[in-house]
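Scroll down for the structure; my scribbles are underneath it.
Because the structure is a prediction, the values reported are computed rather than measured.
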Amino acid sequence: MLADVHQHLWAEELIEALAARTDPPRVRRVDGAWMLEVPGEASSTLPRDDVHERGAEARRSGLGLVCVALSSLLGVEGLPREEAEPLIEAHERGVRAAGGPFRHWAAVPLAHGGDGADVDATLDRGAVGLCLPAGALAGPGSVERCGPLLERLERRRAPLFVHPGPSPWQPALPEAGPRWWPALAGYVPAMHRAWHAWIAAGRRNHPRLRVVFALLAGLAPLHAARLEARGGPAGAARDPGLFYDTSSYGEAAPIDAMRGQVGAAQLVYGSDRPVAPPPDGRLGVQAAIAARNASELMAPLPAVTA
């Protein structure tokens, strides 16, 4: 079986929940299209998304599992619980309604600190693991703040998916710049901080937790020599419990460099559909290898009982 660890789904249930809101994150109709408003970013048009077409596309690509995340860029995790829960529930309903091969990454309210019981509940409802915004892991202290969530994941042997997204404890501030500015000057540095925070504090506290970083962790492991020269943990880039999804980079030089740095088995397939689908809708050779790695990563493991 092949797997894709990183997709999003603009299902009807989620769009309706976002359309019911008066403040961002929300969607609204403009000239017949859905416009997405996210704190700290310019409004954008939602991509056309047909659940049935997406399922057929996945099957044509040989994918037996597609892991769907509620994009952390929405900032849902940072909303008050009474606002976050309807959006999270709508996300889960939409993925369940889509059926196989789709399954959801969990999202949980974080505004007042994460509750480990939320993790257990969503895993019991079929989540493949937990997705956290990179901003929630922006430093060693933030990693420790998320400790109750991470401990539950580790005990249940479910993976963590780190996706670009703002801190749930600080307001997202708009930055002046072109439309591409957040994706390059925001998401990539945030993934760097999350990766470095994890190797500084996460692995010590959660030795068995498997962690998947979106967009190759912004290529943070390629700076391993500088890390070690400044006194950082030697060999951090070779941690067998850290995985890197290939979204945003295609089959190009950055993936080759990461393969040499972290090992081929640590690269897993993430398409980021519908944001950035492959041009021909098919998996290339290296993507297919990464999709097999992803399938092995997502295979269920027995929970820790003691």
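For the atom pair Leu149 CG and Leu130 CG, the distance stands at 6.0 Å (nearest 0.5 Å). The structure places CG of Asp118 at 8.5 Å from OG1 of Thr122, a figure rounded to the nearest 0.5 Å. Rounding to the nearest 0.5 Å gives a distance of 9.5 Å between CZ of Arg81 and CG of Leu110. Atom CE of residue Met298 and atom CG of residue Leu65 lie 6.0 Å apart, to the nearest 0.5 angstrom. His6 NE2 to His163 NE2: the interatomic distance, rounded to the nearest 0.5 Å, is 3.5 Å. In this structure, CZ in Phe243 is found 12.5 Å from CG in Leu160, a value given to the nearest 0.5 Å.
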(request) List the steps and the verdict of side chain to side chain contact (heavy atoms under 4.5 Å, CB included) for Arg273 and Asp4. (result) CA-CA 10 Å; Arg273 285 179 173 87; Asp4 184 341; 3.7 Å; yes

(request) Starting from the C-alpha separation in whole Å, work towards a yes-or-no answer on salt bridge (Lys or Arg N to Asp or Glu O under 4.0 Å) for Arg155 and Glu151. (result) CA-CA 6 Å; Arg155 183 173 291 276; Glu151 186 277 331; 3.0 Å; yes

(request) Check the pair Val68 / Arg103 against side chain to side chain contact (heavy atoms under 4.5 Å, CB included), numbers first and verdict last. (result) CA-CA 6 Å; Val68 179; Arg103 288 183 63 190; over 6 Å; no

(request) Let me see the working for Ile199 and Asp239 under side chain to side chain contact (heavy atoms under 4.5 Å, CB included), right down to the final yes or no. (result) CA-CA 9 Å; Ile199 65 172; Asp239 184 336; 5.9 Å; no

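By the rule that hydrophobic residues join a cluster once side-chain heavy atoms approach within less than 4.5 Å of another member, Leu209 and Leu137 end up as members of one cluster. When the side chains of ILVMFWY residues are joined at heavy-atom separations under 4.5 Å, either directly or via intervening members, Val262 and Met191 end up in a single hydrophobic cluster. One hydrophobic cluster, built from ILVMFWY side chains closer than 4.5 Å, cannot hold both Leu46 and Leu9; they sit in different ones. The same ILVMFWY cluster, assembled from side-chain heavy atoms under 4.5 Å apart, contains both Met1 and Val5. Val188 and Val162 fall within the same hydrophobic cluster, defined by Ile, Leu, Val, Met, Phe, Trp and Tyr side-chain heavy atoms under 4.5 Å apart, directly or through other members.
Counting heavy atoms from C-beta on, the side chains of Leu150 and Val143 come closer than 4.5 Å. No side-chain heavy atom of Val119 sits less than 4.5 Å from a side-chain heavy atom of Arg156. Side-chain atoms of Pro164 and Leu73, non-hydrogen and from C-beta on, do get closer than 4.5 Å to each other. Residues Val38 and Pro24 fail the side-chain proximity criterion, which asks for heavy atoms closer than 4.5 Å. Side-chain contact between Arg21 and Pro86 is absent, with no heavy-atom pair separated by less than 4.5 Å. The side-chain heavy atoms of Val30 and Ser43, taken from C-beta on, include no pair separated by under 4.5 Å. The closest side-chain heavy-atom distance from Arg292 to Leu2 is below 4.5 Å. Residues Leu74 and Leu36 are in side-chain contact: their nearest non-hydrogen atoms beyond the backbone lie under 4.5 Å apart.
Taking each heavy atom of Cys146 and Ala136 in turn, the nearest pair found is SG-O, 3.5 Å. Summarising the geometry of Gly270 relative to Thr246, their closest heavy-atom pair is N-OG1, 3.5 Å, with the distance given to 0.1 Å. Residues Ala197 and Ala138 come closest through the heavy atom pair CB-C, 4.2 Å. Taking each heavy atom of His91 and His104 in turn, the nearest pair found is NE2-CB, 3.8 Å. Across Gln266 and Pro240, no two heavy atoms sit closer than the pair NE2-O, 3.1 Å. The two residues Cys67 and Val128 have their closest heavy-atom pair at SG-CG2, 4.1 Å.
Using modelled atom types, one side-chain atom of Glu228 and one backbone atom of Gly235 make a donor-acceptor pair closer than 3.5 Å. The backbone N or O of Arg208 lies less than 3.5 Å from a partner atom in the side chain of Glu154, making a donor-acceptor pair. Put simply, the side chain of Ser61 never gets that close to the backbone of Leu63: no donor and acceptor are under 3.5 Å apart. Looking at Arg210, its side chain does come within 3.5 Å of a backbone N or O of Arg157 through a donor-acceptor pair. With hydrogens and angles ignored, the 3.5 Å screen pairs no side-chain donor or acceptor of Arg152 with any backbone N or O of Pro148. Listed for the Arg193 side chain is no donor-acceptor partner under 3.5 Å among the backbone atoms of Gly135. In terms of modelled atom types and a separation under 3.5 Å, the side chain of Arg54 and the main chain of Asp49 share no donor-acceptor contact. Between the side chain of Gln261 and the main chain of Pro221, a donor-acceptor pair closer than 3.5 Å is present. The closest donor-acceptor contact from the side chain of Asp50 to the backbone of Glu53 lies under 3.5 Å.
Surrounding CZ of Arg226 are at most 12 heavy atoms belonging to other residues, nucleotides or ligands under 6.0 Å away. Shown here is Glu82, whose CD atom has more than 12 heavy atoms of other residues, nucleotides or ligands within 6.0 Å.
In this pair, Phe161 and Trp105 present their aromatic rings parallel. The plane angle is below 30°, not in the 30 to 60° band. Between His196 and His192, the ring-plane angle classifies as tilted under the 30° and 60° cut-offs. Ring planes of His206 and Trp198: parallel class, angle under 30° (limits at 30 and 60°).
In this structure, a donor-acceptor pair under 3.5 Å is absent between the side chains of His8 and Ser71.
No cation-pi contact links Arg28 to Trp34, judged by a cut-off of 6.0 Å to the six-membered ring centre and 45° from its axis.
Each of Leu219, Asn293, Val268, Leu267 was compared with Tyr244 under the side-chain contact (heavy atoms from CB on, under 4.5 Å) criterion, and only Leu267 meets it.
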